[in-house]
There are 4 protein chains.
Amino acid sequence: MKKNKSNRKRIWDAAKKQTIVQAVIRVLTEHGFERITMDRVAAEAGIAKGTLYLYFKDKDELLAAVLEFSLEPLVRKLDELIQSDLPPDRKIEYIAQRYLKYFEENRDFYRILLLERVRRSYHCHVAENIRYKDYLEAVAGIIQEGIAKNLFKPLDAVKVAAMLIESCVALLYHRMFWPGTTPVEEDARMLAQIFFHGMHREVSAA
Amino acid sequence: MKKNKSNRKRIWDAAKKQTIVQAVIRVLTEHGFERITMDRVAAEAGIAKGTLYLYFKDKDELLAAVLEFSLEPLVRKLDELIQSDLPPDRKIEYIAQRYLKYFEENRDFYRILLLERVRRSYHCHVAENIRYKDYLEAVAGIIQEGIAKNLFKPLDAVKVAAMLIESCVALLYHRMFWPGTTPVEEDARMLAQIFFHGMHREVSAA
Amino acid sequence: MKKNKSNRKRIWDAAKKQTIVQAVIRVLTEHGFERITMDRVAAEAGIAKGTLYLYFKDKDELLAAVLEFSLEPLVRKLDELIQSDLPPDRKIEYIAQRYLKYFEENRDFYRILLLERVRRSYHCHVAENIRYKDYLEAVAGIIQEGIAKNLFKPLDAVKVAAMLIESCVALLYHRMFWPGTTPVEEDARMLAQIFFHGMHREVSAA
Amino acid sequence: MKKNKSNRKRIWDAAKKQTIVQAVIRVLTEHGFERITMDRVAAEAGIAKGTLYLYFKDKDELLAAVLEFSLEPLVRKLDELIQSDLPPDRKIEYIAQRYLKYFEENRDFYRILLLERVRRSYHCHVAENIRYKDYLEAVAGIIQEGIAKNLFKPLDAVKVAAMLIESCVALLYHRMFWPGTTPVEEDARMLAQIFFHGMHREVSAA
DNA sequence: CATGAATGAGGATTCATTCAT
DNA sequence: TATGAATGAATCCTCATTCAT
């Protein structure tokens, strides 16, 4: 009985939190990061300002939840890929593809979220950003696998993973601020090409 | 005569501005971006609050000056390299090296500057951030040169440049948050290796 | 039910606003117009500075409310007179009387309100000051009526109304800065005498 | 010798003061009362800020001088009239005429000066404003003369003078804010008509 | 005499957080 | 659990005045 109730409560709680987080996202998207005030969030969520504090200790906790929440769908998609049994190079290319696509679909919001990623990386040391670390490690794992399989040269997997991710972000920026017509797939392929085969012309025919 | 005086004044002025900018940097480094207040800056600079406004119209202008000022040494160093007549791939490797080294030397400050780079990219569209754009174009130019010389495969030079820069930043982050003993040169070499020859083991001619 | 609550709230709100406005008036009376600061007002009202902003968007709105509020009693009294069916000349004399009396009763405050009247007339074109315009038009209406009834000579009613009002203000000033013992009624009568019969000795039918 | 020098000095001094006062007037006219800052005045006068304080003790003294100075031409013109040997009623009509004309010619500036007149009347008790008092007394003198000559009814000359002046101001306002085509002379005549003969239709022909 | 850099008190406004209901 | 009025510290900016040169 009690279990049930507390369960119900937990669900209710999560629902409320989600409502609030989504309100923050709307405020963020419409007004920009600096304009996120507890007032606006409460108004947007249709609840009282004080209520926010029943669900989140303070503003920082709320913003952390936003970050967490908004990366959720992407993380899930990427997890699928990571778990799959594609060969490492394919995996990486597809991850990049999904990554770019996801951002493409949430352009407005993500422009600011990216910002937030780096922004917060100051306040709370990047290493503490679980999501990022997880992601980084997952990609590093894939690379490590490739190395183990003698597919890749022996490299510092984590560093390469970071480079891959940031290169992806670079393409992202490019797509965002100079939106062109290049399909996501093509950019992902280019990324893969460079990272796997390098920019150098194959001197081959020598 | 008058020229002289106005010249002297201009120099004085620049010195004062520099003093203030350096105070900002100290505040920034010690307290973080959000804690930069005009009061704190004035206190740190050892001048009155009002005096700040004699040298900078408002906070925004002051912060812009900080950005400008603190990138100066790096920009100068990179410019030298860019102007040099090294082959494109060497140029890029050295640029990465310098870049990493510069950050290494100004670790605390730069962590926040990076932040600022992205932060401002929100306010003022990345395309309008002259510094970044200049830098991006310079690197793209080098790549284009490499392509023209048949050294590199035909690629979108700007995108690749962005990827290079961000990969550099990735290494930077890595160095910053997981400071290890890898020398800067080695990281730069790895970056070059991957971008020029790829991660794939050469199965080839074995 | 809900109506009730919102009604109650509105009443409460109005009461709070009134409290604040009265605090402003006290500050105004005691320290003068230039010394009205949000700090002082809050202190005088016994509330926090921030609270002011719950009831008034900004200082301007607060000052506008003060003006509105403090003219209220006078406006009501004058309206009664204006609506009455006294003959035009009587009406005008009584209006002047009431006017002078009202000021007499709120001497300290009114000295500054007069000021404010002119002061605002700079910021917001006199023609846009509803109160003044209304009042001016009401008096002009009375005069027009007198003209229509062949009681007054054909004159520009608005101009004469303005003259009447300002003459009233002149007497006001006189009473304020050289306070004497002349009763209000006498001054009002003099005003009426002059405006209706002129200063000239009737040489005539003697 | 010394006398000479000190004389020269005094002239020089007056000239400087005038320069400054005129700068204030320009600032006042162009930017409005609230925007008169010592900085702006100094800049407009083409001198250093500190220099202002060599000629005027503080801002208040400077503003007082502005008031004084700007009424000068009007005062001179009115003095001529006052000294003339016209009959009292003519004098008054002409004074009104000159008054209105003067304002008509300096519309922009005067709109603000009027404001200032009342504005300052709070800070420094109207009775202390020499100019106004002088003017008031002069007009009162004329009226007294009229009374003595049995031309006017026995009235409180000062009060009537104040009413006359303010009525004049009323017409002024009217002209300023609803600028029409009525010539100054006509308004002055109307003023005289009313004050001397009253608004009442002469029942005469009875 | 003249300068103008420096001052710092003072003002308006915002907003995260608390707490009585 | 929910509310939302109240708080007041914190922030940016202005400007009259002083004083060393």
Side-chain angles (χ1 to χ4, degrees), chain A residues 9 12-13 16 20 34-43 45-63, chain B residues 5 9 12-13 15-16 20 34-43 45-63, chain C residues 5 9 12-13 15-16 20 34-43 45-63, chain D residues 9 12-13 16 20 34-43 45-63:
Chain A
K9 203 187 104 127
W12 184 235
D13 224 67
K16 276 275 176 174
I20 295 172
E34 314 246 302
R35 289 279 164 79
I36 303 178
T37 69
M38 297 306 259
D39 278 78
R40 255 187 276 266
V41 170
I47 61 173
K49 212 190 326 184
T51 309
L52 294 177
Y53 289 86
L54 296 178
Y55 296 94
F56 300 96
K57 199 177 98 265
D58 56 18
K59 200 187 181 186
D60 274 1
E61 203 177 289
L62 173 54
L63 290 182
Chain B
K5 197 182 164 188
K9 205 190 104 114
W12 240 122
D13 227 66
K16 284 285 172 70
I20 295 172
E34 313 247 300
R35 288 281 161 77
I36 303 177
T37 70
M38 297 307 261
D39 282 77
R40 251 188 279 269
V41 170
I47 59 173
K49 210 189 325 182
T51 309
L52 293 178
Y53 290 87
L54 294 180
Y55 295 94
F56 300 96
K57 201 177 97 272
D58 55 18
K59 201 186 181 187
D60 275 1
E61 202 177 290
L62 174 54
L63 291 181
Chain C
K5 196 181 165 188
K9 203 189 105 113
W12 240 123
D13 228 67
K16 285 283 172 69
I20 294 171
E34 314 246 298
R35 289 278 161 80
I36 302 176
T37 70
M38 297 307 259
D39 282 76
R40 253 187 277 268
V41 170
I47 60 174
K49 212 189 323 184
T51 309
L52 294 178
Y53 290 86
L54 295 180
Y55 295 94
F56 300 96
K57 202 177 97 272
D58 55 18
K59 201 186 181 187
D60 274 2
E61 202 177 291
L62 174 53
L63 291 183
Chain D
K9 201 186 107 129
W12 184 236
D13 223 66
K16 277 274 176 174
I20 295 172
E34 315 245 304
R35 289 279 163 79
I36 303 178
T37 69
M38 297 306 258
D39 279 78
R40 256 187 276 266
V41 170
I47 61 173
K49 212 190 327 183
T51 309
L52 294 177
Y53 288 85
L54 296 179
Y55 295 95
F56 301 96
K57 199 178 100 266
D58 56 17
K59 200 187 182 186
D60 275 0
E61 203 177 290
L62 173 54
L63 291 182

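Order of the sequence lines fixes the chain letters, A, B, ..., with proteins taken first and strands second; residue numbering starts at 1 for each chain.
The strand DNA chain F forms stems, runs of 3 or more Watson-Crick or G-U wobble pairs with distances below 3.5 Å, at E:2-21 with F:2-21.
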Atom pairs, N/O to N/O, protein against nucleotides 14-17 of chain E, distance under 3.5 Å?
unit_1 : atom_1 : unit_2  : atom_2 : d
E:dA16 : OP1    : A:Lys59 : NZ     : 2.7
E:dA16 : OP2    : A:Met38 : N      : 2.7
E:dT17 : OP2    : A:Tyr53 : OH     : 3.3
E:dT17 : OP2    : A:Lys59 : N      : 3.1
E:dT17 : O4     : A:Lys49 : NZ     : 3.0

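Considering every non-hydrogen atom in both C:Asp58 and C:Tyr53, the closest pair reads CA-CE2, 4.1 Å.
Counting to the nearest Å, the C1' atom of F:dG8 and the CD1 atom of C:Ile47 are 12 Å from each other. Rounded to a whole Å, the CG atom of B:Leu52 is 15 Å from the C1' atom of F:dC15. Rounding to whole angstrom units, CZ of residue D:Phe56 and C1' of F:dT18 are separated by 19 Å.
Projected onto DNA chain E by closest heavy-atom contact, D:Asp13 and B:Lys16 fall at different nucleotides, the more 5' of which corresponds to D:Asp13.
In this structure, the side chain of C:Lys16 does not engage the main chain of C:Leu54 through any donor-acceptor pair within 3.5 Å. Between the A:Lys49 side chain and the A:Ala43 main chain, no donor and acceptor come within less than 3.5 Å of each other.
Counting non-hydrogen atoms under 4.0 angstrom, B:Tyr55 reaches the backbone sugars and phosphates but no base.
Distance noted for atom C1' between E:dC1 and F:dT21: 13 Å (whole Å).
With sequence neighbours left out, A:Phe56 forms a side-chain contact (heavy atoms from CB on, under 4.5 Å) with A:Lys17, A:Ile20, A:Val21, A:Glu61, A:Leu62, A:Ala65.
With values rounded to the nearest 0.5 angstrom, B:Lys59 atom NZ is found 11.5 Å from B:Leu52 atom CG.
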